[in-house]
J.: 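Handing you this structure, nothing more for now.
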2 protein chains.
Amino acid sequence: MTAPLKHRTLSAAIVDRLRQAILAGTYPAGSQLRQDAMAETYGVSRIPVREALFQLEAEGFVRIVPHKGAIVSELSLDEINDVFDLRCLLEPRLLSQSAPRFSASDFAALDAIQARFETAIAAGDVGQWGVINAEFHMALYTKARQPRTQSIVAALLQTSDRYTRLQLSNTAAMGIAEQEHAELIRQCRAGRFTEAAAFLVGHIEAVRADLLRVVARSGAAGGATNSRSVALE
Amino acid sequence: MTAPLKHRTLSAAIVDRLRQAILAGTYPAGSQLRQDAMAETYGVSRIPVREALFQLEAEGFVRIVPHKGAIVSELSLDEINDVFDLRCLLEPRLLSQSAPRFSASDFAALDAIQARFETAIAAGDVGQWGVINAEFHMALYTKARQPRTQSIVAALLQTSDRYTRLQLSNTAAMGIAEQEHAELIRQCRAGRFTEAAAFLVGHIEAVRADLLRVVARSGAAGGATNSRSVALE
DNA sequence: TTAGCGTAGATTTTATACAATCGAGGAGTC
DNA sequence: GACTCCTCGATTGTATAAAATCTACGCTAA
């Protein structure tokens with residue numbers, strides 16, 4: 001069951017594996033992840049598994065209760081809205097700072113990502129869609145000198161991906177996203193930065209609306225009305 | 001050298017210890033944290049130390065390079081501005097959502113924190129100042145239904161604390177902060193929420209300005225002009 | 001019946017021991 | 001003299017095993 005596993009450390013490899021598995025729904029929200037089972041599944045000891053779980057907790061994918069274990073975190077409606085609100089707030093800000101500093105090589109990188117995006121969509125590879133989408137967005141913000149915001153947005157994109165997978169196979173939406181990405185590149189090339197930022201908000205809102213529509217219809221998203229906000233401190 | 005150590009797990013205890021030590025400047029920015037040394041210092045094995053370091057990396061206090069170790073992260077000017085920009089963006093938003101939902105007990109909790117704040121300042125306890133300040137801010141946002149934003153802000157407050165300590169012993173600024181906190185409570189009690197949100201921005205900006213003034217004068221903040229933004233992905 | 005207590009089993013947490021990796025310094029060669 | 005390669009020491013990463021903690025079940029007693 002375990003493939004190449006070619007990362008720098010086992011822990012990092014397990015993080016990727018587990019994250020993909022959670023994103024793909026292999027471990028549904030609410031299920032418990034036992035260290036022993038994970039260790040055996042991936043053919044490693046429990047130490048790297050533990051470290052991976054801690055990492056995933058920091059990323060918000062699982063919740064760890066001392067002496068009880070790790071549980072795949074639930075997806076609440078409150079958090080969906082919060083995540084997309086944050087994206088609408090932070091991403092345009094990053095783009096405004098970053099886009100005016102783009103060089104030719106930056107645009108080339110964007111084009112390259114966009115190309116891979118198209119092939120992934122053509123192949124209907126939902127798994128790749130999310131990671132390439134995140135790559136594209138982050139590439140838009142490389143030139144922004146806001147390191148903290150960048151790492152926060154990177155995490156938000158991963159969470160978004162997790163939600164978006166709920167509506168799997170919605171290839172129509174994927175195609176729209178692709179066209180909007182192309183439009184973003186065009187506007188940045190033309191130097192229309194404020195317009196691009198506004199367009200970006202629309203792009204994010206479109207994804208959110210699409211997601212909420214599916215969630216509402218299927219009654220998914222465990223603990224919907226139940227706004228169980230994490231106790232801080 | 002090790003005190004009570006009354007936490008739920010050793011790892012959590014070490015996290016607190018190391019974080020305090022970094023905040024206090026015991027381990028200055030750029031210094032390497034050797035697992036072996038830490039383990040011996042705190043009288044534990046290297047496992048809880050490793051886990052603590054990973055946690056601190058997620059919080060942004062250290063940077064871990066595989067097979068090389070953990071290094072206390074540098075404080076760049078870019079990140080200072082980014083952190084305070086984010087606070088000015090996110091905290092008023094939280095307050096607007098939270099304050100209208102305050103009950104009597106919420107206000108009582110705020111008053112209690114404020115009281116402890118005053119005694120800490122009177123005692124000149126710089127270490128306590130930061131944690132109580134963070135507690136106060138988070139208490140302002142308890143009723144907001146934005147779990148992700150809340151956890152992000154909690155992290156930002158910790159980072160802020162780290163920067164703020166640079167200007168140690170600036171008791172004048174601490175007194176001003178205390179008065180502003182009192183004013184915030186007053187405005188929320190009076191139901192003047194939008195005014196409170198605006199005042200909050202001013203409060204945060206005041207702290208930032210104060211900090212930047214000290215940093216500029218002392219030429220502190222390692223790698224000042226050197227905007228070494230973290231490479232994402 | 002039901003509440004309280006204690007023990008057993010499973011699971012997590014921590015310690016100890018072993019393996020892998022990185023970087024520095026020196027021997028050898030062109 | 002400068003460069004390459006290799007070995008050694010130090011440090012981190014991983015495996016295995018022991019200790020601590022929690023949960024569930026069953027027993028006793030009111």
Side-chain angles (χ1 to χ4, degrees), chain A residues 1-19 21-22 26-73 230-231, chain B residues 1-19 21-22 26-59 61-73 231:
Chain A
M1 180 64 55
T2 75
L5 204 60
K6 60 188 180 300
H7 270 79
R8 252 187 133 56
T9 71
L10 281 181
S11 302
I14 307 288
V15 169
D16 278 0
R17 288 293 194 80
L18 281 180
R19 193 195 296 112
I22 292 174
T26 307
Y27 306 117
S31 62
Q32 183 158 234
L33 302 179
R34 263 181 274 278
Q35 299 176 359
D36 226 343
M38 301 293 135
E40 190 167 12
T41 300
Y42 297 110
V44 300
S45 108
R46 282 166 32 200
I47 300 288
V49 172
R50 271 181 73 77
E51 297 182 354
L53 289 175
F54 281 116
Q55 173 71 27
L56 290 175
E57 187 193 29
E59 295 180 11
F61 285 97
V62 305
R63 196 166 47 92
I64 293 180
V65 183
H67 294 114
K68 286 197 56 179
I71 296 172
V72 180
S73 56
V230 180
Chain B
M1 179 63 57
T2 74
L5 203 60
K6 60 187 179 299
H7 270 77
R8 261 192 123 56
T9 72
L10 279 181
S11 301
I14 308 287
V15 169
D16 278 1
R17 287 291 193 80
L18 282 180
R19 192 194 297 113
I22 292 174
T26 307
Y27 305 116
S31 63
Q32 183 160 249
L33 301 179
R34 263 180 275 276
Q35 299 176 1
D36 229 341
M38 300 293 136
E40 190 168 13
T41 301
Y42 297 111
V44 300
S45 105
R46 275 171 41 208
I47 300 289
V49 171
R50 275 180 69 79
E51 296 181 354
L53 289 175
F54 282 117
Q55 174 70 28
L56 289 174
E57 188 193 28
E59 295 179 11
F61 284 98
V62 306
R63 195 167 48 92
I64 293 181
V65 183
H67 295 115
K68 288 197 55 178
I71 295 172
V72 180
S73 56

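Chain A is the first sequence line, chain B the second, and so forth, proteins listed ahead of strands; every chain is numbered from 1. Just the heavy atoms: all of them, side chains too, but no hydrogens, waters or symmetry mates, feed the values below. Note that the structure is a prediction, hence the values are computed from the model and not measured.
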J.: Assign A:Arg34 to base, sugar-phosphate, or nothing according to its heavy-atom contacts below 4.0 angstrom with the strands shown.
T.: sugar-phosphate
J.: Could you check how far CD of A:Glu51 sits from P of C:dT13, rounded to whole Å?
T.: 13 Å
J.: Rounding to a whole Å, what distance do you find between A:Ile47:CD1 and C:dT13:P?
T.: 11 Å
J.: Taking CD from A:Glu40 and P from C:dT11, how many angstroms apart are they, rounded to a whole number?
T.: 12 Å
J.: Could you measure the distance from the CD atom of B:Gln55 to the CZ atom of A:Phe54? Nearest 0.5 Å is fine.
T.: 8.0 Å
J.: Can you tell me how far CG of A:Leu33 sits from CD1 of A:Ile22, rounded to the nearest 0.5 angstrom?
T.: 6.0 Å
J.: Is it the case that the base of D:dG13 and the side chain of B:Arg46 share a donor-acceptor contact (distance under 3.5 Å, atom types as modelled)?
T.: yes
J.: Go through C:dG23, D:dC22, C:dT13 for me and flag the one nearest to the B:Arg8 side chain.
T.: D:dC22
J.: DNA chain D: A:Pro66 or B:Pro66, which has the more 5' nearest nucleotide?
T.: B:Pro66
J.: Side chain of A:Ser11, backbone of A:Ala52: donor and acceptor closer than 3.5 Å?
T.: no
J.: Just how far, in rounded Å, is P of C:dT13 from CZ of B:Phe54?
T.: 16 Å
J.: By nearest atom, which of the nucleotides C:dT21, D:dT14, D:dT21 is closest to the A:His67 side chain?
T.: D:dT21
J.: Just how far, in rounded Å, is C1' of C:dT13 from CZ of B:Arg50?
T.: 15 Å
J.: When the nearest nucleotide of DNA chain C is assigned to A:Gly69 and to B:Pro48 on a heavy-atom basis, which residue is associated with the more 5' position?
T.: A:Gly69
J.: Could you tell me whether A:Glu57 and A:Arg63 make a salt bridge, using a distance below 4.0 angstrom between a side-chain N and a carboxylate O?
T.: no
J.: Please state whether the phosphate of D:dT14, meaning OP1 or OP2, lies under 4.0 angstrom from any side-chain nitrogen or oxygen of A:Ser11.
T.: yes
J.: Which part of the nucleic acid does A:Gln35 contact within heavy-atom distance under 4.0 Å: base, sugar-phosphate only, or nothing?
T.: base
J.: So among A:Val44, A:Leu56, A:Thr41, which one has a side-chain contact (heavy atoms from CB on, under 4.5 Å) with A:Ile14?
T.: A:Val44
J.: Could you state the CE-P distance from B:Met38 to D:dT12, rounded to the nearest angstrom?
T.: 9 Å
J.: Taking atom C1' of C:dT11 as reference, at what distance in whole Å does atom CG of A:Leu33 sit?
T.: 14 Å
J.: In whole angstrom, what separates B:Arg63's CZ from D:dT12's P?
T.: 15 Å
J.: Please tell me which of B:Lys68 and A:Ile64 maps to the more 5' nucleotide of DNA chain C, matching each residue to the nucleotide holding its nearest heavy atom.
T.: A:Ile64
J.: Does D:dA15 have its OP1 or OP2 closer than 4.0 Å to a side-chain nitrogen or oxygen of A:Ser45?
T.: yes
